[in-house]
Amino acid sequence: MRDLPIYLTMMLAAIRAKMEYRVTFLFLFFALVTFYLGQLGTVLVVIDRFGSINGWTLGEMAFLYGLMVFSQSITTFFFASLVNFEGLIMQGGFDRYLLRPLDPLPQLIASQFEVSSIAHLVIGVSALVYGAAGTDIAWSAGKVAFFFVVVAGAVMIQGGVRLGVSAICFWTMRNRSLVHILVFSSKEFILYPVSIFNYWIQVFLTLVFPLAFVNFYPSHVFLNRDASNLLFSPLIQYATPVAGVVFFSLAYLLWRAGINHYQSTGS
Amino acid sequence: MSEGPLVVVDHLSRHFTLTESRPGFWGSVTGLFSRATSVRRAVDDISFSLEAGEFVGYVGENGAGKSTTIKMLTGILVPTSGTVRVGGLVPWESRRENSRQIGVVFGQRSQLWWDLPVRESFDLLRSIFRVPEGRFRENLAELDDALELSPLLATPVRKLSLGQRMRCDLAAAFLHDPKILFLDEPTIGLDLIAKDHVRSFLKRINQTRRTTIVLTTHDMDDIEALCERIVILDEGKIVYDGATESLKRRYVREKGVVVEFHGDPGVVTLPDLPTVRVEGEGAKRRFSVPVDSVGVATVIAAVAARFAVKDISIHEPKVGEVVKRIYDDPASLTRPEPGP
Ligand SMILES: Nc1ncnc2c1ncn2[C@@H]1O[C@H](COP(=O)(O)OP(=O)(O)OP(=O)(O)O)[C@@H](O)[C@H]1O
Ligand SMILES: [Mg+2]
């Protein structure tokens, strides 16, 4: 923690570096906002047509979506450099993080700023506000506090996915296809309430690849939904922070082991 | 801190498992479990040690294992077997502490921030290594003086030429006063003047600050100009480790004396020195002197006594020629030396 100011300085430098390419920056920002508005729009149109999905109303769905995108924006802010970790490994660029008196992971976190995290933030907050307005949630102080704890847990789960998938690179060099499937395409699973899937997929999304904790379970708390039919125990609606800590720790262990397997490159 | 060598390398090996990586999702999944593999012994059981203040040339042909060794000494790679101690630390176990005492330059790859001006990279390194402001300014002034950095400081790294970038990278490796510098081809792609700058800079810090320097290069003139000691690597094994001078002495049984006469002396012979060969014709002749049996001074005296001499130059053999002979025939090093 003593090193925190250094990491902040590095992050600011990364932002300045991105600003060197101002046009790309703005272009990307608007492209992403448009893409996500489109995604959100599709969900809303579907619900508008059917009234509700598996008992989730329009506002509730927007909240579910908002929680996913909001936590994703923070995940992207922190773990952007892990998306193309394969490139860093293949070109030996990871070398330099091992040659400084700092821990490699926070250095990586501070090494890249991703414009899409701001785009996600805009979309996520809009969806959350829309969802909160469209339902009658009573926002007690406790709920607000729990919201931030849940977001932290959700970030740890999504960050853990990225970290674990990156760690695999230390052994296989390549992970691009895993990134596409586990980091990006997997989002489709939690676009809708996980309860629409069959039992085993729900178990998978809870115990193995715990994306259900990102938005589905904790939404029951915020939306005062009936939790008695949830997997295992109604308490699972509160378990996101625990799931986040456990999952991220496992990913971090894999990562630590991976670093000692780092091969660098021949040239 | 314990006395004794600054760097100790003991039976160090690093093998690489070469695999066929299969493309696609299933490729990366199945790749986790089964692969067709073969093993390359990039570094194969090497041992040596370095005293503080030494300037060592680490040479060998492409793929000999030089960079791999440096990566283990700097903590990037974990070896397959063997141990290393750098200033008492095991580099890959204490990466953070180790990084404070070493400076590293990989000529092929910059450690600087690609999109930021050089000056900002330096500032970042200052915070990262916690260099006190005053010390930082002193170092930067000295580096600027030696490497002419001032005109480059405001330029983003990606806009620098190779030679300019290399000078900045060298400076960057030195900002935190490392005890040891590991330089992996720091003169690659430099023009003659830039090489000269870099060489005199390295010589100076080695002498004035007693910085220990390990230099990998394919330019034997670098070695000739800088390194008192040379370690030669061949297919992952050390084939020579010793003084650069004695390597030359061992290999070089002949020196050349080139003499320019006033006019063509005709047939030149030295009847008293039958082992000295004479080559060439006209006013300029070359005498090959077998140094084991005849002194160069004797030859010069004998020539000067018989002919009108205008100019004399002595050709010392170059390390490069010697090393090339070793590359061509590594076994020649272990063959018993021929008697005088
Ligand atoms: N990351 C890696 N994966 C697989 N093989 C490697 C790797 N790094 C090095 N090697 C192999 O190990 C051997 C030694 O490589 P190294 O880079 O140490 O050579 P070098 O002496 O630095 O050569 P050069 O003069 O060309 O830089 C080579 O055969 C190389 O192919
Ligand atoms: Mg090399």
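In what follows, chains carry the letters A, B, and so on, assigned in the order in which the sequence lines appear, proteins first and then strands, with residues in each chain numbered from 1.
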Chain A heavy atoms under 4.5 Å from [X]: which part of the residue, side chain, backbone, both or neither?
X	result
B/Leu116	side chain
B/Ile76	both
B/Thr74	both
B/Thr68	neither
B/Glu120	side chain

Which of A/Ala14, A/Pro101, A/Pro104 touches chain B most, by non-hydrogen pairs under 4.5 Å: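 The candidate making the most pairs under 4.5 Å is A/Pro101.
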Chain B interface, residue from A/Met10, A/Arg16, A/Arg100, A/His261 that has the most non-hydrogen pairs under 4.5 Å: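 When all of A/Met10, A/Arg16, A/Arg100, A/His261 are compared, A/Arg100 has the most.
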B/Arg126 NZ/CZ over B/Phe136 ring centroid, <6.0 Å and within 45° of normal: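 Geometry flag: set, cation within 6.0 Å and 45°.
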No-hydrogen, no-angle side-chain donor-acceptor test under 3.5 Å, [X] and [Y]:
X	Y	result
B/Asp222	B/Thr187	yes
B/Tyr58	B/Asp184	no
A/Ser264	B/Lys71	yes

Chain B contact via A/Ile6 - which portion, at a heavy-atom distance below 4.5 Å: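 Just the side chain, heavy atoms under 4.5 Å.
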Salt-bridge criterion met for B/Asp115 and B/Arg158 (N-O under 4.0 Å):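 Yes, B/Asp115 and B/Arg158 are salt-bridged.
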Minimum heavy-atom distance B/Arg14-B/Pro79, with the two atoms named: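 Closest approach of B/Arg14 to B/Pro79, heavy atoms only: CD-CA, 4.2 Å.
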